[in-house]
Chemist: 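Quick one: structure below, then a few questions.
Chain A is the first sequence line, chain B the second, and so forth, proteins listed ahead of strands; every chain is numbered from 1. Note that the structure is a prediction, hence the values are computed from the model and not measured.
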Number of protein chains: 2
Amino acid sequence: MAVAAIPAPRQLESWVSFLRAHAAITRELSAQLQREHDLTLNDYEVLLHLSHAEDGRMRRVDLAERVVLTASGITRLLEGLERAGYVCKESCAADARVSYAALTDKGRKKLGSAAETHLRGVDELFVSRYSGSELTALAELLGRLPVTGADCKPESDTPCS
Amino acid sequence: MAVAAIPAPRQLESWVSFLRAHAAITRELSAQLQREHDLTLNDYEVLLHLSHAEDGRMRRVDLAERVVLTASGITRLLEGLERAGYVCKESCAADARVSYAALTDKGRKKLGSAAETHLRGVDELFVSRYSGSELTALAELLGRLPVTGADCKPESDTPCS
DNA sequence: CAGCCATAGTTGCGTACTCAAGTGTAGCGC
DNA sequence: GCGCTACACTTGAGTACGCAACTATGGCTG
């Protein structure tokens with residue numbers, strides 16, 4: 001019957017904490033970014049990834065994987081960032097299928113100011129609750145988790161060159 | 001300027017892992033539940049919380065806090081579960097403002113079968129990646145994170161009695 | 001009792017996504 | 001060259017929320 005079952009065994013506690021904490025923190029951080037900079041948390045993450053990428057640009061599909069969105073999700077997200085002038089579309093000479101999202105100067109500047117807000121928030125809600133060694137441990141543990149159905153795929157920076 | 005800044009210091013690694021892992025895992029788990037049982041991850045969580053509650057029912061507002069949704073979010077989510085017959089609305093004799101969400105037999109049964117899928121998924125994607133002591137450590141660490149702007153508030157089971 | 005603020009819940013509207021179906025291009029076997 | 005599957009991306013339709021504004025009730029203070 002499994003009626004009285006629905007077990008909430010000890011091992012699941014961390015899972016539950018994980019769910020709840022994520023929901024609460026990202027909600028707050030997203031609200032902060034929205035209020036102060038009119039950016040989503042995902043918008044911010046996209047700008048951040050672009051800023052770290054070679055030439056400040058990435059293939060849309062790789063970007064999607066980084067922020068764990070679908071192809072269509074990235075299209076719409078970038079739509080907004082393009083409209084705001086933070087990124088622009090570039091095409092690839094070697095492969096007409098791919099188009100890049102490239103960070104503009106305006107976007108880089110925006111990221112700089114949004115980063116202040118965001119880093120403060122992350123620090124307050126996340127980092128400050130742990131010691132240095134705890135953060136290291138946490139990073140190691142969380143790093144084992146899958147990132148897509150096909151698991152981790154940390155580097156895919158061979159676009160079409 | 002902060003242009004070259006946008007620091008991705010070591011301490012933020014765990015934060016980034018946290019974000020990505022959550023997005024990837026919940027996406028997969030939600031897709032599983034949707035495919036096999038036509039339930040959202042949040043639907044499932046709500047049924048689960050109800051099943052643990054006294055008399056299988058909770059105030060909507062408490063439920064909202066548990067699953068980290070807003071009041072309106074809970075209203076709409078419960079709308080769906082009520083339509084499906086998994087929960088039903090009950091009013092409170094002592095306080096006409098509150099209404100309960102109560103688990104039906106059908107809902108309990110549904111939860112039982114969905115739990116198999118879900119627990120398998122959680123185990124596969126989360127639990128199995130850690131040892132017992134690691135899980136304990138993780139639970140402790142994640143348990144420190146805030147759950148709302150007003151922080152943790154683990155027990156609020158004094159509805160109107 | 002009247003007046004007032006807090007609380008529980010709902011509703012309108014906007015948004016950030018997803019999935020499925022479509023377009024255009026690349027690279028393959030022949 | 002002609003088809004064929006694979007890929008990068010876009011588009012249409014639908015969904016799961018959040019926020020702000022609303023109603024209805026409760027409890028408090030005079």
Side-chain angles (χ1 to χ4, degrees), chain A residues 22-24 26-35 38-46 57-65 67-84 87 89-101 148-150 156 158-160, chain B residues 22-24 26-35 38-46 57-65 67-84 87 89-101 148-150 156 158-160:
Chain A
H22 173 91
T26 56
R27 170 128 100 225
E28 176 59 21
L29 288 177
S30 226
Q32 278 179 8
L33 282 172
Q34 200 101 51
R35 269 197 311 271
D38 198 33
L39 288 178
T40 303
L41 187 51
N42 271 342
D43 290 339
Y44 176 84
E45 290 278 320
V46 161
R57 62 184 207 172
M58 289 177 81
R59 303 195 323 165
R60 297 161 101 82
V61 76
D62 294 329
L63 206 40
E65 199 193 309
V67 294
V68 194
L69 282 183
T70 58
S72 62
I74 269 293
T75 294
R76 313 227 210 243
L77 193 159
L78 288 175
E79 232 171 75
L81 293 179
E82 281 160 17
R83 217 183 358 259
V87 307
K89 214 165 171 172
E90 293 183 0
S91 52
C92 176
D95 185 339
R97 287 173 307 179
V98 339
S99 62
Y100 291 98
T148 76
S156 56
T158 331
C160 67
Chain B
H22 173 91
T26 57
R27 169 126 103 225
E28 176 59 21
L29 288 177
S30 225
Q32 279 178 9
L33 282 172
Q34 201 101 51
R35 267 198 311 272
D38 198 33
L39 288 178
T40 303
L41 188 49
N42 272 342
D43 290 338
Y44 176 84
E45 292 277 322
V46 161
R57 63 185 206 171
M58 290 176 81
R59 302 194 324 165
R60 297 162 100 83
V61 76
D62 295 329
L63 205 40
E65 199 194 308
V67 295
V68 195
L69 283 182
T70 58
S72 64
I74 270 292
T75 294
R76 318 231 207 237
L77 194 159
L78 287 176
E79 232 172 75
L81 293 179
E82 280 159 17
R83 220 185 354 260
V87 309
K89 215 165 172 172
E90 292 183 1
S91 52
C92 176
D95 186 339
R97 287 173 305 179
V98 339
S99 60
Y100 291 98
T148 76
S156 56
T158 331
C160 66

Chemist: Which nucleotide in the list dG18(D), dA6(C), dC17(C) gets nearest to the side chain of Leu69(B)?
Modeler: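 Output: dG18(D).
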
Chemist: So, does Asn42(A) get its side chain near the phosphate of dA16(C), meaning an N or O under 4.0 Å from OP1 or OP2?
Modeler: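 No, because none of the side-chain N or O atoms of Asn42(A) sits under 4.0 Å from OP1 or OP2 of dA16(C).
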
Chemist: Just how far, in rounded Å, is P of dC19(C) from CD of Gln32(B)?
Modeler: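 After rounding, the gap between these two atoms is 13 Å.
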
Chemist: Classify Ile74(A) by what it touches in the nucleic acid, base, sugar-phosphate, or nothing, heavy-atom distance under 4.0 Å.
Modeler: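 No contact.
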
Chemist: Between dG9(C), dA26(C), dC17(D), which nucleotide has the shortest distance from any of its atoms to the side chain of Arg76(B)?
Modeler: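 The answer is dC17(D), which lies nearest to the side chain.
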
Chemist: Reading DNA chain D from 5' onward, which residue's closest nucleotide shows up sooner: Ala96(B) or Asp43(B)?
Modeler: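 Of the two residues, Asp43(B) wins.
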
Chemist: Could you check which of dC9(D), dG9(C), dA6(D) has an atom nearest any side-chain atom of Ser99(B)?
Modeler: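 The nucleotide sitting nearest to the side chain is dG9(C).
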
Chemist: Please figure out whether Ala31(B) or Thr40(A) has its closest DNA chain C nucleotide nearer the 5' end.
Modeler: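 Residue closer to the 5' terminus by nearest nucleotide: Thr40(A).
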
Chemist: Side-chain donor or acceptor of Ser72(A) under 3.5 Å from a matching atom on the base of dC9(D)?
Modeler: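 No, no donor-acceptor pair under 3.5 Å.
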
Chemist: What nucleotide, of dC7(D), dT11(D), dG9(C), holds the atom closest to the side chain of Thr75(A)?
Modeler: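 Nearest listed nucleotide: dT11(D).
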
Chemist: Run the numbers on Arg27(B) and Thr70(A) for side-chain contact (heavy atoms from CB on, under 4.5 Å), then give the verdict.
Modeler: CA-CA 11 Å; Arg27(B) 169 126 103 225; Thr70(A) 58; 4.0 Å; yes

Chemist: Take the protein atom CG of Leu63(B) and the nucleotide atom P of dT7(C), then report the distance between them rounded to whole Å.
Modeler: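 Rounding to the nearest Å, CG of Leu63(B) and P of dT7(C) are 19 Å apart.
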
Chemist: Compute the angle between the rotation axes at the two ends of the helix from dC1(C)-dG30(D) to dC30(C)-dG1(D), each taken over five pairs, rounded to 10 degrees.
Modeler: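 For the helix from dC1(C)-dG30(D) to dC30(C)-dG1(D), the axes at opposite ends meet at about 10°.
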
Chemist: Calculate the interatomic distance between Arg27(A) atom CZ and dC17(D) atom C1'; express it in whole Å.
Modeler: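 In whole Å, dC17(D) C1' and Arg27(A) CZ are 9 Å from each other.
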
Chemist: Tell me: CG of Leu78(A) to C1' of dT10(D), nearest whole Å?
Modeler: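 The distance from CG of Leu78(A) to C1' of dT10(D) comes to 12 Å, rounded to the nearest Å.
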
Chemist: Leu33(B) CG to dA16(D) P: how many Å, rounded?
Modeler: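 Those two atoms, CG and P, are 13 Å apart.
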
Chemist: Ignoring the backbone of Asp95(B), work out which of dT10(C), dT25(D), dT18(C) is nearest its side chain.
Modeler: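 The closest nucleotide is dT25(D).
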
Chemist: Which is true for Ala71(B) with a 4.0 Å heavy-atom rule: it touches a base, it touches only sugar-phosphate, or it touches nothing?
Modeler: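 Here Ala71(B) touches the bases of the nucleic acid.
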
Chemist: Figure out the CD/P separation between Gln34(A) and dG14(C), and round it to whole Å.
Modeler: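 Whole-Å distance recorded here is 15 Å.
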
Chemist: Send over the distance from Asp38(A) CG to dC19(D) P, rounded to a whole Å.
Modeler: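 The distance from CG of Asp38(A) to P of dC19(D) comes to 14 Å, rounded to the nearest Å.
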
Chemist: Which nucleotide in the list dC17(D), dA8(C), dG18(D) gets nearest to the side chain of Leu77(B)?
Modeler: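 Ranking dC17(D), dA8(C), dG18(D) by closest atom to the Leu77(B) side chain puts dC17(D) first.
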
Chemist: Name the closest nucleotide to the Lys89(A) side chain, picking from dG9(C), dA6(C), dT10(D).
Modeler: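 Nearest listed nucleotide: dT10(D).
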
